There are 2 protein chains.
Amino acid sequence: MQSRPTLEDVARHAGVSRALVSIVMRDAPGASEETRARVRRAADDIGYRPDPRARRLRQLRTKLLGVTFAAGQEFHAELIDGVYAAADDFGYEVVLSGVTPHHDERRAVRALVDDRCEAVVLIGPDLPTAELEALAATTPVVVVARKVRGVDAVRSDDTAGAAMAVDHLYGLGHRRITYLDGGRAPGAAERRRGYTRAMRAAGLHAEVRPGGLTEREGATAAAALLAADQPLPSAVFAFNDRCALGVLDVLVRARIAVPDQVSVMGFDDSPLASLAHIDLSTIRQEIPQLAHAAVSRLVSRLDNDDGDAQPTDIVVPPTLVARGTTAVPA
Amino acid sequence: MQSRPTLEDVARHAGVSRALVSIVMRDAPGASEETRARVRRAADDIGYRPDPRARRLRQLRTKLLGVTFAAGQEFHAELIDGVYAAADDFGYEVVLSGVTPHHDERRAVRALVDDRCEAVVLIGPDLPTAELEALAATTPVVVVARKVRGVDAVRSDDTAGAAMAVDHLYGLGHRRITYLDGGRAPGAAERRRGYTRAMRAAGLHAEVRPGGLTEREGATAAAALLAADQPLPSAVFAFNDRCALGVLDVLVRARIAVPDQVSVMGFDDSPLASLAHIDLSTIRQEIPQLAHAAVSRLVSRLDNDDGDAQPTDIVVPPTLVARGTTAVPA
């Protein structure tokens, strides 16, 4: 689309970094006189001129950050709160766009861009990678809770988190630990890998069963375990807390004592997990840190001169939260 | 604030309705020549001139509707989906602003107005009535799920819904029906009234106990019932589904059979209520209707000539959903 020479072209022609060209063009400190001369000559050679429209547009700042999220999801709600807090710190306002049955993700994103958001946080997006990359080419974008090649991403270390859960259960003495998988959800591949690797490292047999993201799917998985033609595992580790709650509910109704007969673990540390009567052991995602990293990345692209910097994948370590649903096996 | 004569003043002076004055001023059909002459004379008499700034502002349309909501609440999430669907029908776009620990309701509203929303839907707001009235004086506002004197409101008929729940339980044969109250939450006073009235009408003793809006509070209330120095009621009717889920969980863990020993009812028909293993009897709020009524009211204020119309209180009847947690008492 862009036919006039860019900073990039000057950099290539002069054989220096784009950042260095930017320093020279802004007369900022950080380059020798010799380099400045070389860069200016390269710029003249290829006919580079700073784009006045781009410069003007940069000054017409809305200071609006957009956020897409799934309405009704506790984890997304907490991330939103974190984004509000972080945006405040950086002097930005936040506009939300929900992903719901009547408002799909493409519309949610378009609404934010149309509403003059300068950059967008996508919480757990489902869009294909190519579409996310295309979006990121025109608008600074950061994806939260999913790893996307070619786009800034901020996420928990899901692999390490799942391994922490296995290590916790193994340390208590569990040897048959069943994992209820998250299918194609963001983070599911990483958690599955963390579980299987940690099981293998402990010399145990990995048993991955279909799970899901909701209470409904957790309940179905637990019912399947109860109906199966083999003894119950001594511990069940679910893809997330909601799935674990469905498991707990079915076990309790079936008069299976938790944790005496079966230990149960979730992932997320959602607000329900800490309720006194639930008291779910889980892996906590550090939501304020995730939100702060996401906003900080966007602000850096908008306010500093690293708008074209390489995409980064920021990974925040999760934490083990041992509560009442896990114990030494009977 | 407004010192220049308004349409209202012309109407008063001419002894006709404001709508009629508007018809004459816009040269629209619907008034006799005699009336037109009388209205024009009255306008001249008091020095009325259409406000060109107001007219110009009316033309600078953003077609944006703002919505404030509590992030993470299922009921709010469903309303948001309904607002997206209804706004589509009317050709409006929607901007969301969340109410979270780091972003209180005043900020949520201000963000929407600053973002050029022409009108705002407030879902279950906590702001004092005076503040809502002041807001409505400058921006079309509709409050959902709460009755506010002086401001457009759309809500379920909470009183009728609570009475439906009592009638359902009474019809099954229950005579000791305890109600877990919603305190100062929107709709709580109406539901309490519906319960106590229906109990009185059935010749029963109303027993209102502290409840709440969350699983946590429902669990606390159920624990208090179990610890009380009297037999359990044969039915418990909770302020909402989340509260009812807390009650269910504690009863199930205490080996109290639901519905054989105690019937349990909620209010809302949230997605969790219909899960196979929960199967909660409840009162359904007709969310798409509520959302459509709210958007339609705002669009009417924005697009038609009834921007100054009297505030209305639109009440949508709820529906009884009898599922597995209520039955004939043992």
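None of these values were measured; they are calculated from a predicted model. Protein chains get the first letters and strands the later ones, always in sequence-line order, with residue 1 at the start of each.
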Okay, A/E215 and chain B: the region with an atom under 4.5 Å from a heavy atom over there is both

Counting heavy-atom pairs under 4.5 angstrom with chain A, the leader among B/V95, B/V250, B/L248 is B/V95

Whatever's closer than 4.5 Å to a heavy atom in chain A on B/F69 counts as side chain

The reported gap from CG in B/D88 to NE2 in A/H103 (rounded to nearest 0.5 angstrom) is 7.5 Å

All heavy atoms of A/E74 vs all of B/G72, minimum pair found to be OE2-O, 4.1 Å

One should read off an interatomic distance between A/R216 CZ and B/I278 CD1, to the nearest 0.5 angstrom, of 10.5 Å

Highest number of heavy-atom pairs under 4.5 Å with chain A among B/A219, B/A77, B/P101 belongs to B/P101

Test side chain to side chain contact (heavy atoms under 4.5 Å, CB included) on B/L96 and A/V67; report intermediate values, then the result. CA-CA 10 Å; B/L96 305 179; A/V67 180; over 6 Å; no

d(B/D114 CG, A/T62 OG1) to nearest 0.5 Å is 12.5 Å

**OP:** Could you go through the side chain to side chain contact (heavy atoms under 4.5 Å, CB included) check for A/H102 and B/V83 one step at a time?
**Re:** CA-CA 9 Å; A/H102 284 93; B/V83 169; over 6 Å; no

The reported gap from CG in B/D115 to CG in A/L64 (rounded to nearest 0.5 angstrom) is 5.5 Å

inquiry  = Please determine whether the number of non-hydrogen atoms from other residues, nucleotides or ligands lying under 6.0 Å from atom CZ of A/R106 exceeds 12.
reply    = no

Of B/A71, B/G98, B/A111, the largest count of non-hydrogen pairs under 4.5 angstrom with chain A goes to B/G98

Rounded to the nearest 0.5 Å, the CG atom of B/D81 sits from the OG1 atom of A/T100 at a distance of 3.5 Å

